[in-house]
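Since the structure comes first, as structure tokens, the remarks are kept for the end.
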Amino acid sequence: MGSTERPKKRAQLCKKAILHFSLCFIMGFFTGFAPSAKSSISSAPSNRTELLPPPISAQRTSNFSRNVLAEPPPARKTEEKNRKEEPEMEPRRQIIIVTPTSSRDRLREVGLRRLANTIRLIGQPLLWIVVEAKSESSNLAEIMRKTGIMYRHLVFKENFTDSEAEMNHQRNVALKHIEHHRLSGIVHFAGLSNFYDLRFFDELREIEVFGTWPMAVVTANKKKVVIEGPVCDSSQVIGWHLKKMGNQIQNPKPQIHISSFAFNSSILWDPERWGRTSSVQDTSQKSVNFVKQVVLEDEAKLTGIPSGDCSKIMLWNLRSFTKTPPPIQQLPPVQEVTQTPSQQGT
């Protein structure tokens, strides 16, 4: 009995296991064809993103970009308004100041520092050209470096016995430098003994071709003031005069001071533009003389400054300070006189 029931139980267990296995297999087989929950859930947002509005941050960004493109900010509005109201500023002409120096002048360094203090008060653009004879003991380069002014220091090797010829040579050296480097601006020869009204340099920038003005020459030793310069009708030059304080002096051959005129530097490299033939070759001692000649002969090209009142003095020259004072003559030694007792009694 016991031996026959055991195989039957085993057979029943195997049938149950096979049936259970087959049911599980069939359920798993059909569930594989059924749509899963993940796919339905994941597919739903894709359809929603097409219908939902964009995020708030995206809306703000798009609205901000549209507002920026459509209408400028208030600060930009005010800037554009100011630009429309303000007139366009024209670039100012450069002033080129040429200063010759003499080693014979014992007050040369003092005069250079004083003139540098004046030039530092002038608005830009400005270039200062200082010329001197080559010397190892000169301190001019060091003085100019400390001024804070844009400058060029020129030297020459020639020797001169005549001081006036040396000054003209230094001016010509500066003019050749300006011509070689095409330095554009209004050229003015400023001596170490000149004193200026600062408004004078604003008038210089208004010169187109040539400009001239009256200058007061002060001679301290003779205690007199001589006014040299043009005779003007408003800003038009109609003649020249040499005027002493209180007395009118007629001068058949007017002489213009080197510091009482200025000119456009482009005449040096573009002469035909200003009516100067290019065939004329300026040699040493002739460049400054040519400019003087043109100033005196062609009054139609001259502009009297200050504009509107050419008789106003804005430049003074102290002539006595440019010359070296004469050496002090030593008196002969005093001879001691000895008296004898007999002479003392008498």
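Since we're looking at a predicted model, the values are computed, not measured.
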Between the main-chain N or O of [Y] and the side-chain N or O of [X], is there a donor-acceptor pair closer than 3.5 Å?
X	Y	value
Ser260	Ile256	no
Asn172	Asn168	yes
Ser265	Leu183	yes

Less than 6.0 angstrom separating the ring centers of [X] and [Y], yes or no?
X	Y	answer
Phe261	Phe210	no
Trp316	Tyr196	no
His257	Phe189	no

Once you round to the nearest 0.5 Å, how far does [atom1] of [X] lie from [atom2] of [Y]?
X	Y	atom1	atom2	answer
Phe201	Met314	CZ	CE	9.5 Å
Leu175	Ile96	CG	CD1	9.5 Å
Met215	Asn194	CE	CG	6.5 Å
Ser184	Trp269	OG	CH2	5.0 Å
Glu166	Thr101	CD	OG1	8.0 Å
Phe156	Asn159	CZ	CG	8.5 Å

[X] versus [Y]: any side-chain heavy-atom pair under 4.5 Å?
X	Y	value
Met144	Ile149	no
Lys312	Arg199	yes
Met167	Ser163	no
Ile258	Arg171	yes

Any idea which heavy atoms bring [X] and [Y] closest together, and the distance?
X	Y	result
Arg205	Gln94	NH1-CA, 4.3 Å
Leu192	Pro100	CG-O, 4.5 Å
Leu268	Glu179	O-OE2, 3.0 Å
Ser193	Asn317	OG-ND2, 3.1 Å
Ala190	Leu115	O-CD2, 4.3 Å
Leu204	Ala262	CD2-CB, 3.8 Å

Classify the ring geometry of Phe160 against His169: parallel below 30°, tilted from 30° to 60°, perpendicular beyond 60°. tilted

Is Val110 reachable from Phe195 through a run of hydrophobic residues whose side-chain heavy atoms are each under 4.5 Å from the next? no

If Ile, Leu, Val, Met, Phe, Trp and Tyr residues are connected whenever their side-chain heavy atoms lie under 4.5 Å apart, and connections chain through other members, are Leu318 and Ile227 in the same group? yes

Let's go through Ile305 and Glu206 carefully: what are the C-alpha distance in whole Å and the side-chain angles of both, what is the deciding distance for side-chain contact (heavy atoms from CB on, under 4.5 Å) to 0.1 Å, and is it a yes or a no? CA-CA 9 Å; Ile305 61 172; Glu206 303 299 325; 5.9 Å; no

Tell me whether Glu208 is salt-bridged to Arg93, with the criterion being a basic N under 4.0 Å from an acidic carboxylate O. yes

Around [X], counting heavy atoms of other residues, nucleotides and ligands shown, do more than 12 lie under 6.0 Å from its [atom1]?
X	atom1	answer
His181	NE2	yes
Asp162	CG	yes
Gln236	CD	no

Determine whether Val209 and Phe263 satisfy the following criterion, side-chain contact (heavy atoms from CB on, under 4.5 Å), listing intermediate values before the conclusion. CA-CA 6 Å; Val209 188; Phe263 62 95; over 6 Å; no

Under the disulfide bond (SG atoms under 2.5 Å apart) definition, can you give me all pairs with a residue in residues 150-237, not counting sequence neighbours? Cys232-Cys310

Would you tabulate the side-chain donor-acceptor contacts of residues 118-133 under 3.5 Å, counting partners in other chains and residues two or more places apart, or write 'none'?
residue, atom, partner, partner atom, Å
Thr118, OG1, Arg114, O, 3.4
Arg120, NH2, Asn117, OD1, 2.4
Gln124, OE1, Leu126, N, 3.1
Trp128, NE1, Thr99, OG1, 2.9
Glu132, OE1, Arg108, NH1, 3.3
Glu132, OE1, Ser138, OG, 2.8
Glu132, OE2, Ser138, OG, 3.0
Glu132, OE2, His153, NE2, 2.9

Between Ile313 and Asp197, is a side-chain contact (heavy atoms from CB on, under 4.5 Å) present by the stated rule, with each step listed? CA-CA 9 Å; Ile313 304 297; Asp197 185 334; over 6 Å; no

Applying side-chain hydrogen bond (donor to acceptor under 3.5 Å, both in side chains) to Thr212 and not counting sequence neighbours gives none

